[in-house]
Amino acid sequence: MDRYDPLKIEQKWQKIWAETKAFKAGPIDAKTASGDPKPKKYLAEMFPYPSGAGLHVGHVRNFTIVDVLTRFYTQQELNVLRPFGYDTFGLPAENYAIKTGISPQEATKTNIANFRKQAQKLGYAIDWDREINTSDPEYYKWTQWCFLQLYKAGLAYQKESYQWWCPVDKTVLANEQVENGHCWRCGHEVEKKKMKQWFFKITAYADELLDSLDECDWPEKIKTMQKNWIGRSEGATVRFDVEGRPDSIEVFTTRPDTIFGATFLVLAPEHPLLGDLVNDDTREKVESYCADALKKSEIERQENKEKTGVFTGSYAINPATGAKMPIWVSDYVLMGYGTGAIMAVPAHDERDFEFAEKFELPIIEVVEKPENSDDAERCYHGEGELVNSGQFNGTRSEDAREQIVAWLEERGVGEKKVTYKMRDWLISRQRYWGCPIPVAYDKDGNVHPIPEDQLPVMHPEVKDYQPDDTGRSPLAKAEEWLKVTLKDENGNDIECTRETDTLDGYACSSWYLWRYTSPHDTEAAWDPEAIKYWAPTDVYVGGDHAVAHLLYVRFWCKFFADQGYLPFREPIKKLLYNGYINAPDGKKMSKSKGNVIDPLEVIESGYGADTLRTYEMFIGPYDQDAAWNTEAIGGVYRFLNRCWNLCFDDALREKAGTSSTISIRHRVIKKVTDDIHRCSFNTAVAALMEYVNELYKVGHSRDDIIALAKLLKPFAPHLASEMLEKLGNDDIWPEWDEKYLVADEVELVVQVNGKLRGRVMVGVDLLEDEEKLKELAMAEENVQRFIANKEIRKVIVPKGAKLVNIVVA
RNA sequence: GCCCGGUUGGCGGAAUUGGUAUACGCGUUCGACUUAAAAUCGAAUGGAGAAAUCCAUAUGAGUUCAAGUCUCAUACCGGGCACCA
């Protein structure tokens, strides 16, 4: 007998799969044997950024989950689409180019080739004819087309404002790319810089993005994160007249019920009206305060939570009370949220309270604290009856909210308003290695979109990829490329200069799931027929981008549905968010710590891809983090060896027929099928191990081994293929028959007062006979010891539990 | 601070609907094979106890015939958000 030699058989099957294009998705009009349209499954992982370091064990976990499901559904004879691609635009390739002089195009090509080779070594069931790459002009031509559709619909627009700027990467960043005040790529502290930039109006879909989360079969954790990110809050805007001036200041509040307690206003340092509110005494102080606030990094603003601020010199009038309210400026009010101005109610808001205490401003209680509430609380922000609130005294604060807004509306000084924390998506990047934004500007600075028939706008060749502090990307150095002649509506030439910024990489990944359905279409971004059949994606697997990518795809989906390009409004039916694999020491793997496990090394050390794949599925629940265990992987290798021996070792085969295994076979078929359906991959592998252990003990038939190979195939496809070849069998997913799952006799558990006291074997036919079960249970020897001479209060026989509980006094 | 998760043997974890806690794997121990070792195969393995049995799912209460699972409180660990008015 040959020994199990994973490297040999894996090479053999990978070659066969590549040559036969074994995982090519079926046509969209595929039919079943009975002539009905063939049901489809569309599965994908979050496509990787192909770094120079190659695949890591995290990729392997992510891709293997998709692979197990892909092979499972394929074996069930569904029409399965499982494509693969590369998210190739981005900073690492560009920084590499700066360092080495190797162009991003070159480096990307090399890295893709490496990733492809590695993915093939893992035996993934990928339809390789559908490979895509976001930096391929054939792909980004259509990214630019998407941009133009958003532009035409008014959802791509330019705005000059303060933006997050990373001084190291020398580019602006979206809110979603700033983590705790630091750049998500290089980790450097970000700054605010006033620039004119392109945005996508994701806020236009804020409500739908929030509401339709309910339809998504996604982890609650991710849905909650998205809900918090969108941050919808209902309240009102109220206008406060400025004393002695024609201006009024608009504020946003979620607590209009507390307006009688508003004793001062606070404006953000960036507020445009500030200049008008200062007088000769205060001008200098306010200006220097604002200048300081703008200079401070967001980190500094957050670290120092002690309230600071300056009085502007002006007063506003409270529209509810008519009282005079000083207007202050402070950096605890943010320009980007609401109106950039607040009415301060120190009696009922922690931050306003702190501010009022520090600057000795009046505090007026307007909501009565219930008697049973916590006394330690210095300012009460719960609900209660209104006091000091004129005609609203005695009203519950919950009810007063509506009533007071209605009253303000009547008087024309306020109205209901909903605000969101989510801002529009900033998409300009001052970098070379991104998708060029397909617009140009005439000499007056007017925007002219590049006509669709002139796409793609390709990258110019440049020698120097180094960005600088000018706020213009390296594309600005390609003088010839910059010039473009466009036509106006009368057909006259307009001399224009191209946009030099590139698109945020997240734009490229916002539509790739649809491109996969017709990846080589030269007429459209995606083929309407293909999209109708394949999309939306049935299962999408990844472990990152909870609020960035996963929000952006949903936004684009809704937009293109509105434009008539997509027949659905949610792009991903089921999302599996997998956990990380940490180093054996439990810490994050990182090059600098030297604790990185290289999957290719694991394979080539002799374990092979099947062991690696199966181990990563067995390591724990897919959605939890796990630590690599260099010894435990040996257990999985031993298991696959035992599978091999069952099939190829003649000595073991002789044990066949010594026992009937039909019941355990049907039980494992059911268990593994159920477990894969509920994505409990670790217990599916455990069930297979248990099955093999049993077969070793009691012997086995040929059918037992066929079932084993079929059930094993999603996890260890090479080994399973080798086994099925030897057995001369297909790989169609086995079915179980309920009638084999019930044994003739079952063990009845007997409890006395809930404690296990005895076991009785009873015939299956007796399970329905409650009286007989009670009788048998009470007759058991050990049970007798516990119930003799005791009053029996109750005997419980739960349905289907194979258990009797005797309750005695 | 607020919002989510989580806490089960020496370790990773299982227990899907409230019904036999600790499946499966690692590690450890013993045995077989071997001159020996590795590999492989077999057995044992929550704690205490000679045994009957008792005690164990972070801690404390509660509901129930029955709780790892449900309820309340506390502690600890992880994640997300964080001056969002």
Mind checking if [X] touches a base, just sugar-phosphate, or nothing, with heavy atoms under 4.0 Å?
X	result
A/Lys227	nothing
A/Ala686	base
A/Ser330	nothing
A/Asn782	sugar-phosphate
A/Gln751	base
A/Leu688	nothing
A/Val807	sugar-phosphate
A/Asn228	nothing

query: Centroid-to-centroid, A/Phe715 to A/Phe618, below 6.0 Å?
result: no

message: Would you say the rings of A/Phe353 and A/His348 are close, in the sense that their centroids are separated by under 6.0 Å?
response: no

Are any of [X]'s side-chain N or O atoms less than 4.0 Å away from OP1 or OP2 of [N]?
X	N	result
A/Thr224	B/G80	no
A/Asn693	B/G42	no
A/Arg642	B/C24	no
A/Tyr332	B/A85	no

Quick one: which of [options] gets closest to the side chain of [X]?
X	options	answer
A/Thr683	B/C24, B/U20, B/A15	B/A15
A/Pro621	B/G13, B/G19, B/C24	B/G13
A/Arg678	B/A14, B/U20, B/U16	B/U16
A/Asn682	B/G13, B/C83, B/G19	B/G13

Please report, rounded to the nearest Å, how far the [atom2] atom of [N] is from the [atom1] atom of [X].
X	N	atom1	atom2	value
A/Glu354	B/G1	CD	P	14 Å
A/Lys221	B/C4	NZ	C1'	9 Å
A/Asp625	B/G5	CG	C1'	12 Å
A/Arg401	B/A85	CZ	P	12 Å
A/Arg757	B/A52	CZ	P	12 Å
A/Arg638	B/A38	CZ	P	13 Å
A/Glu631	B/A39	CD	P	12 Å
A/Lys358	B/C83	NZ	P	17 Å

Any strand: nucleotide that pairs with [N] via Watson-Crick or wobble, under 3.5 Å:
N	answer
B/C83	none
B/A36	none
B/A66	none
B/G60	B/C72
B/G12	B/C24
B/A43	B/U29
B/G49	none
B/G5	B/C77

field: Pair A/Tyr577-A/Trp218, ring-ring contact (aromatic ring centres under 6.0 Å, His included): steps then yes or no
entry: CA-CA 8 Å; A/Tyr577 206 73; A/Trp218 287 22; 9.1 Å; no

message: Under the ring pair (Phe, Tyr, Trp, His ring centres under 6.0 Å) test against A/Trp644, which residue among A/Tyr4, A/Phe639, A/Tyr637 passes?
response: A/Tyr4

Can a donor-acceptor pair under 3.5 Å be found between the side-chain atoms of [X] and the base atoms of [N]?
X	N	answer
A/Lys755	B/U53	no
A/Arg759	B/U20	yes
A/Lys307	B/C83	yes

For [X] and [Y], does a side-chain donor sit closer than 3.5 Å to a side-chain acceptor?
X	Y	result
A/Arg642	A/Asn645	no
A/Asn582	A/Trp628	no
A/Ser233	A/Tyr420	no
A/Ser397	A/Glu383	yes
A/Thr237	A/Glu415	yes

Between [M] and [N] - [atom1] atom distance, rounded Å:
N	M	atom1	value
B/G46	B/U8	C1'	11 Å
B/C26	B/C41	P	10 Å
B/G6	B/G68	C1'	13 Å
B/A37	B/G47	C1'	36 Å
B/C33	B/G42	P	16 Å
B/C30	B/G79	P	41 Å
B/A58	B/U69	P	8 Å
B/U34	B/G25	P	27 Å

- prompt: Between A/Glu747 and A/Arg785, which has a closest nucleotide on RNA chain B that is more 5'?
  reply: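 This one resolves to A/Glu747.
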
- prompt: Between A/Val547 and A/Lys794, which has a closest nucleotide on RNA chain B that is more 5'?
  reply: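 Of the two residues, A/Lys794 wins.
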
field: Lys/Arg-Asp/Glu bridge criterion (N-O < 4.0 Å) met for A/Lys358, A/Glu306
entry: yes

query: Going by a 90° cut-off around 0, is B/G6 syn or anti?
result: anti

query: Heavy-atom contacts under 4.0 Å between residues 577-588 of chain A and RNA chain B, which residues?
result: none

message: Counting only heavy atoms from other residues, nucleotides and ligands, does the tally under 6.0 Å from CD of A/Glu398 exceed 12?
response: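 Enclosed: over 12 neighbouring heavy atoms sit under 6.0 Å from CD of A/Glu398.
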
- prompt: Does the ring of A/Tyr337 carry A/Lys421 above it, NZ/CZ under 6.0 angstrom from centre and within 45° of its axis?
  reply: no

